[in-house]
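Note on naming: letters A, B, ... go to the chains in the order of the sequence lines (proteins, then strands), and numbering restarts at 1 for each one. These numbers come from a predicted model, not from an experiment.
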Protein chains: 2
Amino acid sequence: MSDVQDTLFKTLADPTRRALFERLCREGEKTVGALTARAGVSQPVVSKHLGILKQAGLVRDRHEGRQTHYSAQLGALAPLVDWTSEMAGFWQNRFNDLEDLLKRMDQ
Amino acid sequence: MSDVQDTLFKTLADPTRRALFERLCREGEKTVGALTARAGVSQPVVSKHLGILKQAGLVRDRHEGRQTHYSAQLGALAPLVDWTSEMAGFWQNRFNDLEDLLKRMDQ
DNA sequence: TAGATCAATACCTATTCAGCTATGGATTAA
DNA sequence: TTAATCCATAGCTGAATAGGTATTGATCTA
């Protein structure tokens, strides 16, 4: 139900948007122009995706004259890591429960 | 560019579908009927989502008489964990590079 | 065998959204 | 000041898809 994870998954589900985020992670801060150059889509599309990434907390922007620099905010991925850990945890618990059951049955 | 991650993100981006997967992680194997009872959507919709989850490798099905049992396949989350680790790795490397730079500047 | 139940498929509809072009606002350069 | 550049916004269109109902196939039960 957590809206945070919903936003993260939805935001990262788009390949173009995920590619932009990946580039910012790999190469660090970039201007919209630099990102557009290799994005394969038009500048307005890049701006729109960056806006969505920003709303999700995955990037931050810094204005410098007429250009805007974007950079990745890796901390925003935490809820995603938490979610996968939680799922793995449930799995593990059920496995432990099964082990306990088998142990009791063994006695 | 990896198509695997694309499939995973897209599959888990839908709240209804993610909720189904979460329930299978929490509560273990369930029939379609049991899942439908609390899914908030119709049975055909549940079946469709389960089909998509299956195609993504996130669940497996087991037929028993006229009912189908679904269970979570947690291993399928691995590429997602890998991806986040990779992003965190790039971040870390850039941080190290910065440290190195500052160190060199300091001399 | 006839009826009932379970799950999947077919088909349709409405909504969402990624992409485009055109444009505006703001800054820099000539 | 005028022209050019950078980015964001507005408006539009087409494609993808989540949801519904109707139906079929398969299995169990009376």
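- Of all the heavy atoms in Ser47(A) and Val32(A), the pair that sits closest is OG-CG1, 3.8 Å.
- The minimum heavy-atom distance linking Pro79(B) with Gly75(B) is given by the pair CD-O, 4.3 Å.
- Atom NZ in Lys54(A) sits roughly 12 Å away from atom C1' in dC7(D) (whole-Å rounding).
- Rounded to an integer number of Å, the gap from Leu53(A) CG to dC7(D) P is 16 Å.
- In the region residues 37-49 of chain B, proximity to DNA chain D at under 4.0 angstrom, judged on heavy atoms, holds for Val41(B), Ser42(B), Pro44(B), Val45(B), Lys48(B), His49(B).
- Atom CD of Gln67(A) is separated from atom P of dC7(D) by 6 Å (rounded to the nearest Å).
- Val59(A) and Ile52(A) fall into different hydrophobic clusters, where Ile, Leu, Val, Met, Phe, Trp and Tyr side chains are chained together by heavy-atom contacts under 4.5 Å.
- Computed from coordinates, the Arg66(A) CZ to dA4(D) C1' distance equals 7 Å when rounded to whole Å.
- Atom CD in Gln55(B) sits about 11 Å away from atom P in dT17(D), given to the nearest Å.
- The bend of the helix from dT1(C)-dA30(D) to dA30(C)-dT1(D), defined by the angle between the axes of its first five and last five pairs, stands at 10° to the nearest 10°.
- Residues from residues 23-35 of chain A placing a heavy atom under 4.0 Å of any atom in DNA chain D, listed by number, are Thr31(A), Val32(A), Gly33(A).
- With a heavy-atom cut-off of 4.0 Å to chain A, the contacted part of DNA chain C has its first and last nucleotide at dA18(C) to dT28(C).
- In this structure, Tyr70(A) has no ring pair (Phe, Tyr, Trp, His ring centres under 6.0 Å) partners at least two apart in sequence or on a different chain.
- A pairwise comparison of heavy atoms in Gln67(A) and Thr31(A) identifies OE1-CG2, 3.7 Å as the closest pair.
- Remark: Leu12(B) CG to Leu80(A) CG distance equals 9.0 Å, nearest 0.5 Å.
- Counting non-hydrogen atoms under 4.0 angstrom, Thr16(B) reaches the backbone sugars and phosphates but no base.
- Following rounding to the nearest Å, Ile52(A) (CD1) and dC7(D) (P) show an atom-to-atom distance of 18 Å.
- Between Leu8(A) and Ala56(A), the shortest heavy-atom distance links the atoms CD2-O, 4.4 Å.
- The number of heavy-atom neighbours closer than 6.0 Å to CD of Gln55(B), taken from other residues, nucleotides and ligands shown, is 12 or below.
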request  = Would you please test Leu58(B) and Gln73(B) for side-chain contact (heavy atoms from CB on, under 4.5 Å) and show each step?
outcome  = CA-CA 5 Å; Leu58(B) 287 164; Gln73(B) 290 288 100; 5.8 Å; no

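- In plain terms, the two heavy atoms of Pro15(A) and Asp6(B) that are nearest each other are CG-OD1, 3.3 Å.
- Sorted by first and then second residue, the pairs that involve residues 67-86 of chain A and meet salt bridge (Lys or Arg N to Asp or Glu O under 4.0 Å), not counting sequence neighbours, are Glu86(A)-Arg26(B).
- A salt bridge does not link Asp14(A) with Lys10(B): none of the charged nitrogens is closer than 4.0 Å to a carboxylate oxygen.
- Distances shown here put a side-chain N or O of Arg17(B) below 4.0 Å from the OP1 or OP2 atom of dA18(D).
- Protein atom CZ of Arg62(A) is 12 Å distant from nucleotide atom P of dC7(D), rounded to whole Å.
- Nearest heavy-atom pair, Cys25(A) versus Leu74(A), reported as atom, atom and distance to 0.1 Å: SG-CD1, 3.9 Å.
- Each of Gly65(A) and Thr36(B) was assigned the nucleotide of DNA chain C with the nearest heavy atom; the assignment lying further toward the 5' end belongs to Thr36(B).
- Note on ring orientation: taking the six-membered ring where Trp is involved, the planes of Trp83(A) and Phe21(B) are tilted (angle from 30° to 60°).
- Atoms CD (Glu64(B)) and C1' (dA26(D)) sit 15 Å apart, rounded to a whole Å.
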